[in-house]
Amino acid sequence: MSITTIVFIILSVMAVGAALMMVSAKNPVHSVLWLIVVFFSISGHYVLLNAQFLAIVNIIVYAGAIMVLFLFVVMLMNLNVESEPMKNYRLQLAGVISGGSLLLVLLSALMKVQSTPVQTNDGDVGLIKKLGMVLFNDYVVPFELSSILFLSAMIGAVVIAKKEK
Amino acid sequence: MDIKAYIGLSILLFSIGIIGVLIRRNAIIIFMCIELMLNSVNLLLVAFSKMHALGIAHGSPSLASDAQVFVFFIMVVAAAEVSVGLAIIVMMYRNVHSVDINFLNRLKN
Amino acid sequence: MSNVLESVWVIPIFPLVGFIVTGLMRNYLPKHLAAFIACSSIFLSFLASAYVFYIVKDVTSNPAAIHYFDFINTGALHIGFDFKIDHLTSVFLLIITGVGFLIHLYSTAYMSEEQENDYAKYFSYLNLFVFFMLLLVMGGNYLIMFIGWEGVGLCSYLLIGYWFTNNNYNNAAKKAFIMNRIGDLGFLLALFWLIAKVGSVDFATVNAGIAKLSTFDVTGITILFFVGATGKSAQIPLYTWLPDAMAGPTPVSALIHAATMVTAGIYMIVRSNVLFSLAPITMEIIAVIGLLTALLAATIAIYQNDIKKVLAYSTVSQLGYMFLALGVGAFSSGVFHVMTHAFFKALLFLAAGSVIHAMSGEQDITKMGGLRKKIPVTYITFLLGVLAIAGFPFTSGFISKDEILLNVYNHNKLYFYLAVIGAVMTAFYMFRLLFLTFFGGFRGTHEQEHHLHESPKAMTIPLIILAVLSVIGGLVQLPHVFGGHPYFSEFLNPVVKTVEHTDPKLAMKEYVLLIGTIIGLAVVYFFTKKNYAVNKYEGEYHGFKKVLANKWYVDEMYDAIVVKPLLAVGTFFKNVVEKSGIDGFVNGIGKAVNYSSRQVRLLQSGQVGAYVLLMVIGILILFIVQLFL
């Protein structure tokens with residue numbers, strides 16, 4: 001039981017627990033907060049794997065920007081616990097069962113996977129330098145295209161949310 | 001660390017996300033569960049990239065960085081998608097004054 | 001010689017060509033051309049048949065079959081398209097083409113009032129009929145015979161229903177065809193049985209292979225063949241179609257229902273005489289049914305008022321005599337009676353047609369009378385025909401009927417006496433017909449009397465020829481006793497074993513029959529002349545006579561027992577099975593589709609949540625299939 005394994009287990013428990021709380025929380029604001037916890041734990045996993053760049057980007061983009069956006073919208077709607085609608089019981093049951101079956105199927109598929117070790121703590125794969133080299137040498141075109149994507153998303157968001165006069 | 005552990009963790013988070021989508025009626029919560037699913041996939045990809053970095057058994061080192069670049073792009077797309085999606089939900093709220101997906105049945109018949 | 005015989009296929013080809021030409025070109029052929037084509041085709045066949053006869057008569061053994069091409073070749077069953085030309089065949093060929101030609105000639109005048117295309121249609125049907133009949137008698141195996149058998153049935157239907165605008169005629173045609181068909185079923189079953197046991201339908205093979213058949217087999221096969229014969233040759237129980245078939249034109253009645261088609265049954269049994277000789281039970285049955293039919297039909301004929309119906313029942317009766325002859329084993333006598341019957345019955349029918357023609361279409365004898373001065377040629381030929389059928393000494397009818405009676409006497413005395421009674425009745429109703437038609441005062445309308453005229457030459461010449469044949473045609477079989485020589489049965493000897501009886505009392509029996517005939521005829525003549533050469537004839541019958549006049553109500557009986565239940569079954573099937581069952585099933589499928597689509601439509605609720613659920617389930621299934629199956 002190396003320290004790596006222990007850290008892994010702690011982070012995993014945190015992630016899964018937070019996810020479960022997120023799914024079952026009645027108050028939407030609580031859901032958002034629990035999701036942020038999930039993001040943090042996933043970033044912890046990234047650090048464990050020495051993918052430093054992605055860890056930081058995860059925090060900044062996801063937990064910082066996207067979740068704040070969600071929070072804005074939730075506050076805008078003024079959603080409360082009382083007005084939170086719940087699906088009827090049967091449909092919930094159906095959902096749980098199908099999701100659970102999917103889980104089981106995938107896990108049983110996992111049994112056939114051959115064990116392969118993963119490099120943790122070390123390695124220069126996740127470092128910014130290496131990543132930058134790959135990104136700007138091999139994947140330049142998708143990089144530029146993603147800027148266009150952002151442009152269209154921005155314009156789209158503004159147009160859709162505009163109040164009609 | 002074995003790759004199997006990471007695969008298992010990713011599967012778990014993914015299915016929790018699916019269950020969340022199926023259970024909740026609030027459109028925003030559903031959206032967030034989708035984000036959860038995306039993140040589980042990201043985690044898996046990073047784990048695979050490190051597996052390839054080792055070069056043992058099934059790993060091939062040349063693929064290692066590609067996986068992390070892929071994760072980067074997934075985040076990009078997720079960000080764009082969230083902004084547009086939330087804009088739509090806001091628009092809908094203005095019309096129907098509710099974010100309950102049961103009221104969004106314009107696709108009926 | 002066999003080389004020449006191989007080209008006998010021309011004999012049926014002539015009428016076939018005639019059929020095709022007159023049939024296809026019926027809208028373009030003028031009447032005289034259609035008549036010429038049809039008559040000449042039959043005449044050419046007649047010449048060819050005469051040549052065949054000339055060749056065959058010198059052959060003493062049984063000629064082999066002529067193989068043209070393989071007809072059916074499956075597994076163990078090989079049936080060729082064979083012709084067998086032997087003495088029996090050549091006799092029938094001469095009868096069919098000879099009498100057929102005369103009738104064609106007669107029809108050219110009789111049917112002259114028809115439209116042009118109908119006229120040509122008539123002749124095409126007639127030629128087709130002759131073709132099939134030739135196929136029947138020339139066939140070298142049962143299958144070819146069956147082709148001809150069915151074909152003549154078809155032509156009979158076509159020709160009976162020739163004036164198809166009249167529904168009654170159509171019903172008569174249908175009745176003829178259906179009753180034929182019932183008999184054909186018997187024929188087919190016998191055929192199948194033969195194939196199963198002997199493995200071939202070839203005449204030679206069957207005759208050689210009779211050792212393979214047990215008594216039960218032979219009896220069964222022959223009985224089934226006889227059922228076919230009762231249908232085709234109008235014996236009890238399948239005879240009621242023949243009187244109704246008088247709805248067709250008179251030459252048709254003469255050709256088909258007197259001279260040729262109805263004799264197909266006789267031909268078939270004689271052809272299979274080897275088989276039948278081995279089944280004494282069947283022979284007895286044939287004799288009994290023949291006798292009963294002869295008597296029944298004779299009783300009905302006594303009180304019929306339609307000239308053609310009398311002749312029709314007479315035909316049934318005479319056919320009964322032929323079967324009686326076959327039943328007691330006198331095969332060549334049966335064939336001889338076929339020949340003489342062809343002569344005098346065709347003559348009688350054609351003469352009746354001449355009378356009808358003269359009476360402007362009237363067929364009821366109660367409305368005729370005293371015609372002998374007005375249409376003398378018809379009268380004389382008709383008289384000769386009546387004498388022949390009644391058995392006036394030394395006419396053809398006398399010789400053939402006496403031969404049959406003698407053979408019956410040697411077999412069973414009871415049958416003999418009954419047959420004699422039948423012969424007396426025959427004479428009785430024929431003389432009644434003669435006197436009512438040609439003697440006494442005229443009982444028709446003034447208009448009819450005005451139009452009375454002798455028929456044209458085309459009609460009278462065949463009458464004269466047939467009359468001559470009816471009188472002298474029997475001399476080929478004149479018994480030794482009267483100074484003749486039985487050429488006919490000698491001719492048929494290679495094919496049919498004649499019952500040669502060296503009977504010491506033969507001469508005496510012949511003389512007894514001769515004297516008995518003369519006495520009987522005299523009695524009948526005077527009795528009928530007194531009662532029927534009259535000025536007024538009611539034609540209404542009461543009591544027992546009514547039963548006879550109404551044909552013993554046999555038709556009504558068949559209607560009640562067979563036809564009505566079948567119709568009821570058909571109606572049941574139509575209403576219950578068809579409407580509720582099949583329609584219900586088909587409509588039900590439509591309704592089911594409708595219902596299910598309505599239910600499926602509810603799936604499209606527009607609820608996003610439901611869609612997502614279905615999506616997840618789909619992915620689940622895909623995963624399972626991919627990973628574990």
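Below, read A as the first sequence line, B as the second, and so on, with proteins coming before strands; counting in each chain starts at 1. Bear in mind the structure is a predicted one, so any value in this text is a computation, not a measurement.
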For a quick test of your reading: what N or O donor-acceptor pairs under 3.5 Å do the side chains of residues 135-144 of chain A make, sequence neighbours left out?
residue: A:Asn137; atom: ND2; partner: A:Met133; partner atom: O; Å: 3.2
residue: A:Tyr139; atom: OH; partner: B:Asp66; partner atom: OD1; Å: 3.1
residue: A:Tyr139; atom: OH; partner: B:Asp66; partner atom: OD2; Å: 3.4

Discussion item. For C:Phe69, I'd like to know if atom CZ has over 12 heavy atoms of other residues, nucleotides or ligands within 6.0 Å.
Written reply: yes
Worksheet entry | Engaged part of A:Ile97 at the chain C interface, taking heavy atoms whose separation is under 4.5 Å | neither
Fill in: Pairs satisfying salt bridge (Lys or Arg N to Asp or Glu O under 4.0 Å), at least one member in residues 96-121 of chain A, at least two apart
none
Worksheet, complete the sentence: Note: C:Leu613 and A:Gly95 closest approach over all heavy atoms is CD1-CA, 4.1 Å
Worksheet item: Counting only heavy atoms not in A:Phe53, do more than 12 sit closer than 6.0 Å to its CZ atom?
Response: yes
Fill in: Residues in residues 615-623 of chain C that sit under 4.5 Å from chain A, counting heavy atoms only
C:Val616, C:Ile617, C:Ile619, C:Leu620, C:Phe623
Worksheet item: Do other residues, nucleotides or ligands put more than 12 heavy atoms under 6.0 Å from the NZ atom of A:Lys130?
Response: yes
Pairs under 3.5 angstrom only: tabulate donor-acceptor contacts from the side chains of residues 35-42 of chain A to other protein residues two or more places apart or in another chain.
residue: A:Ser41; atom: OG; partner: A:Val37; partner atom: O; Å: 3.3
residue: A:Ser41; atom: OG; partner: A:Val38; partner atom: O; Å: 2.7

